[in-house]
Amino acid sequence: MAAELSGSTALVTGGTSGIGRATAIALAGLGAHVVLSGRDATRGEQVVERIRAAGGKAGFVAADLKDAASARSLAARARELGGHVDVLVNNAGIFPTGPSADTTEAGFDRVYTTNVKVPFFLVAELAPEMARRGHGAIVNVSTLVAARGMAGMALYGSSKAAVELMTKAWAAEFGPSGVRVNAVSPGPTRTEGTAAFGDGLDELAAAGPAGRVAAPEEIAAAIAFLVGSGSSFVQGVVLPVDGGRLAV
Ligand code: NAP
């Protein structure tokens with residue numbers, strides 16, 4: 001039996017680390033040709049090697065996602081490598097926290113560019129092609145704090161709240177053409193990016209029913225579900241993958 005995603009190409013942004021790397025590995029395990037992007041070429045090639053060593057298909061594109069042009073050129077490179085892009089996982093993101101009064105305008109713009117503008121233009125570039133082919137899946141990576149008012153999270157949380165609304169609007173825009181657009185909303189997850197939070201991550205996680213921090217593979221499994229045929233009637237949802245934290 002053919003693997004579920006064989007014949008399809010998946011672009012995973014931020015595939016050099018944490019949740020993105022676990023997602024790239026998971027989708028390759030389902031048979032997708034994975035194009036992963038990031039800035040760190042060494043880590044990117046390591047992920048590619050790991051996927052190839054397991055018999056999968058992958059390529060790395062070094063891309064500093066800093067404006068619409070960089071998003072468009074990543075889309076073009078992914079198209080070149082895969083022939084077409086059937087799956088897009090908008091995972092690359094930054095998550096600075098802290099008092100609003102300490103936030104600079106440049107810092108504000110960096111968060112909204114990485115977390116909102118780049119995913120927007122990647123979808124604008126790739127979703128119409130998926131729609132023309134009549135199928136495709138897009139998964140955006142949000143966060144628990146997009147739906148909870150937490151001190152120090154106004155900038156980051158609001159950027160991901162925008163991503164959640166875009167998810168629903170894109171489901172309406174592209175769903176009728178066969179492109180499913182969904183999001184995951186992870187809770188605290190152990191990655192390179194959250195290493196600096198130290199015990200703070202465990203404290204945040206302790207408040208939820210699971211009472212622990214997630215492994216990136218647990219988030220990747222939910223993303224793989226939203227990409228695969230098991231979620232064929234799931235459109236425009238934001239799936240909490242947070243150990244129950246949003247529920248309580
Ligand atoms: P991470 O370990 O810091 O990895 C972030 C990834 O994004 C890296 O691959 C990085 O690439 C890439 N990236 C960041 N800025 C970029 C830029 N300007 N251009 C290109 N690539 C860029 O993060 P993570 O913890 O796995 O988080 C991944 C996503 O999940 C983010 O959207 C985050 O907001 C979300 N999330 C995380 C958690 C958590 O607790 N970890 C919880 C909720 C939501 P390079 O390193 O190669 O530059």
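Whatever order the structure lists ligands and atoms in, that order sets their numbers, starting from 1. As the structure is a prediction and not an experimental result, all values here were calculated from the model.
The residue among Pro188, Ala146, Ala63 with a heavy atom at the shortest distance from atom 20 (C) of ligand 1 is Ala63. In this structure, of Asp67, Asn91, Thr194, the residue bringing a heavy atom nearest to atom 31 (C) of ligand 1 is Asn91.
Applying the 6.0 Å contact sphere to CZ of Arg79 captures more than 12 heavy atoms from other residues, nucleotides or ligands.
Below 3.5 Å of separation, one finds no N or O of Thr143 facing any N or O of ligand 1. Backbone and side-chain nitrogen or oxygen atoms of Val141 are examined, and none is located within less than 3.5 angstrom of a nitrogen or oxygen of ligand 1. Residue Pro186 has no N or O atom closer than 3.5 Å to an N or O atom of ligand 1. For ligand 1, the polar-atom distance check finds no N/O of Ser37 at less than 3.5 Å from any of the ligand's N/O atoms.
At a heavy-atom cutoff of 4.0 Å, ligand 1 is contacted by both the backbone and the side chain of Ser17.
No side-chain N or O of Thr13 forms a donor-acceptor pair with one of Asn91 less than 3.5 Å apart. Using a 3.5 Å distance cut-off with no hydrogens or angles, the side chains of Thr16 and Arg21 do not pair a donor with an acceptor. With hydrogens and angles left out, the side-chain atoms of Ser159 and Asn115 include a donor and acceptor closer than 3.5 Å.
Using a cutoff of 4.0 Å between basic side-chain nitrogens and carboxylate oxygens, Asp40 and Arg43 are scored as salt-bridged.
Every atom of ligand 1 with a heavy atom of Ser142 under 4.0 Å away is listed here by number and element: 35 (C), 36 (N), 43 (C), 44 (C).
With hydrogens left out, the protein atom closest to atom 40 (O) of ligand 1 is Thr189 N, 2.8 Å, a heavy atom.
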